[in-house]
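The structure appears right after this line, and notes come after that.
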Amino acid sequence: MSLEEVKGRETEGELIGEQPGVLGYGGITLNGLDTLIGYNFNKHGELYGMNYIITESHSRKAAYVTDYESLKALLVEKYGPPDEDKVLWLDDLWKGDDEGMALITGDLVYWSRWDTEPTLIFLTLGGDNFKIDFKLMYQSNLISSDTGRTGTE
């Protein structure tokens, strides 16, 4: 799809930003979570990727893990088990004590990947500098981010 086609079809959110190659929408919920959407276009104007950035806020940081697992369960229902599914402890300072603190300090990362042939799907949860980074990303296997068609259609 082109940028104009996406603008014509996106009815859930409100356009909050437009730059060359990117459209941003806000006012969206995904699985009940406050979310922003970014659509990414290559230099030929073709949509090659879409990012859901979960902006939901929790005072209890470990609640993000529950959100992650809930969203992952929906993806498993739709696409089957992930091709990769990891919980990475980059530092075990908080391990067994405070998973939420480990998330916001960047010591813990959840990561799942599905390869559905036409699309790569990534679900990630981590953080840094006391901020959560929670995303669901779709990337085309058929359209390159910079050069257009990959020739594998």
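Keep in mind that what you see is a predicted model, and the values were worked out from it rather than measured.
By the 4.5 Å heavy-atom criterion applied to side chains, Pro82 and Leu75 are not counted as neighbours. Side-chain atoms of Leu90 and Val109, non-hydrogen and from C-beta on, do get closer than 4.5 Å to each other. By the 4.5 Å heavy-atom criterion applied to side chains, Asp128 and Thr105 are not counted as neighbours. No side-chain heavy atom of Leu120 sits under 4.5 Å from any side-chain heavy atom of Trp114. Met1 places a side-chain heavy atom less than 4.5 Å from the side chain of Arg9. Counting heavy atoms from C-beta outward, Thr116 and Ile121 have side chains that approach closer than 4.5 Å. Two residues are said to be in side-chain contact when any heavy atoms from C-beta on lie closer than 4.5 Å; Tyr138 and Pro118 fail this criterion. By the 4.5 Å heavy-atom criterion applied to side chains, Asp67 and Ile54 are not counted as neighbours.
In this model, a donor atom of one side chain and an acceptor atom of the other lie less than 3.5 Å apart for Asn141 and Asp115. Side-chain contact check for Asn40 and Ser145: no donor-acceptor pair (N or O, by modelled atom type) lies under 3.5 Å. Between the side chains of Tyr39 and Glu10, at least one donor-acceptor pair of N or O atoms lies under 3.5 Å. Using modelled atom types and a 3.5 Å distance limit, the side chains of Thr124 and Tyr68 yield no donor-acceptor pair.
When hydrophobic side chains of Ile, Leu, Val, Met, Phe, Trp and Tyr are connected at separations under 4.5 Å, Leu36 ends up clustered with Ile16, Ile53.
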Could you walk me through whether Leu71 and Leu123 pass side-chain contact (heavy atoms from CB on, under 4.5 Å), step by step? CA-CA 8 Å; Leu71 194 49; Leu123 181 63; 3.7 Å; yes

side-chain contact (heavy atoms from CB on, under 4.5 Å) for Ser140 and Thr119? Distances and angles first, verdict last. CA-CA 5 Å; Ser140 174; Thr119 308; 5.7 Å; no

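The backbone N or O of Ser2 sits less than 3.5 Å from a side-chain atom of Glu5, completing a donor-acceptor pair. Checked by atom type and distance alone, the side chain of Glu56 pairs as donor or acceptor with a backbone atom of Asp34 at under 3.5 Å. Under a 3.5 Å cut-off, the side chain of Asn42 and the backbone N or O of Gly45 do form a donor-acceptor pair.
By the 6.0 Å contact criterion, NZ on Lys135 is open, its count of non-hydrogen atoms from other residues, nucleotides or ligands being 12 or less. Applying the 6.0 Å contact sphere to CD of Glu77 captures no more than 12 heavy atoms from other residues, nucleotides or ligands.
Ala102 and Trp89 get closest at one heavy-atom pair: CB-CZ3, 3.5 Å. Scanning both residues, Ile143 and Tyr48, for their nearest heavy atoms gives O-CB, 3.6 Å. Heavy-atom minimum distance, Tyr64 versus His58: OH-N, 3.0 Å. Residues Phe41 and Val22 share a closest heavy-atom pair of CD1-N, 4.3 Å. Pairing each heavy atom of Leu103 with each of Lys61, the nearest pair is CD1-O, 4.0 Å.
Interatomic distance, CG of Leu23 versus CG of Leu47, reported as 9.0 Å (0.5 Å rounding). Summarising the geometry, atom CG belonging to Leu136 is positioned 11.0 Å from atom CG belonging to Leu33; distances are rounded to the nearest 0.5 Å. A distance of 9.5 Å separates CD in Glu12 from CG in Leu30, rounded to the nearest 0.5 Å.
Lys72 is linked by a salt bridge (Lys or Arg N to Asp or Glu O under 4.0 Å) to Glu69, Asp85, counting only residues two or more places apart in sequence or in another chain. Remark: Glu18 pairs with Lys7 by the salt bridge (Lys or Arg N to Asp or Glu O under 4.0 Å) rule, at least two apart or across chains.
Salt bridge Asp133/Lys131: absent, no basic N to carboxylate O contact under 4.0 Å.
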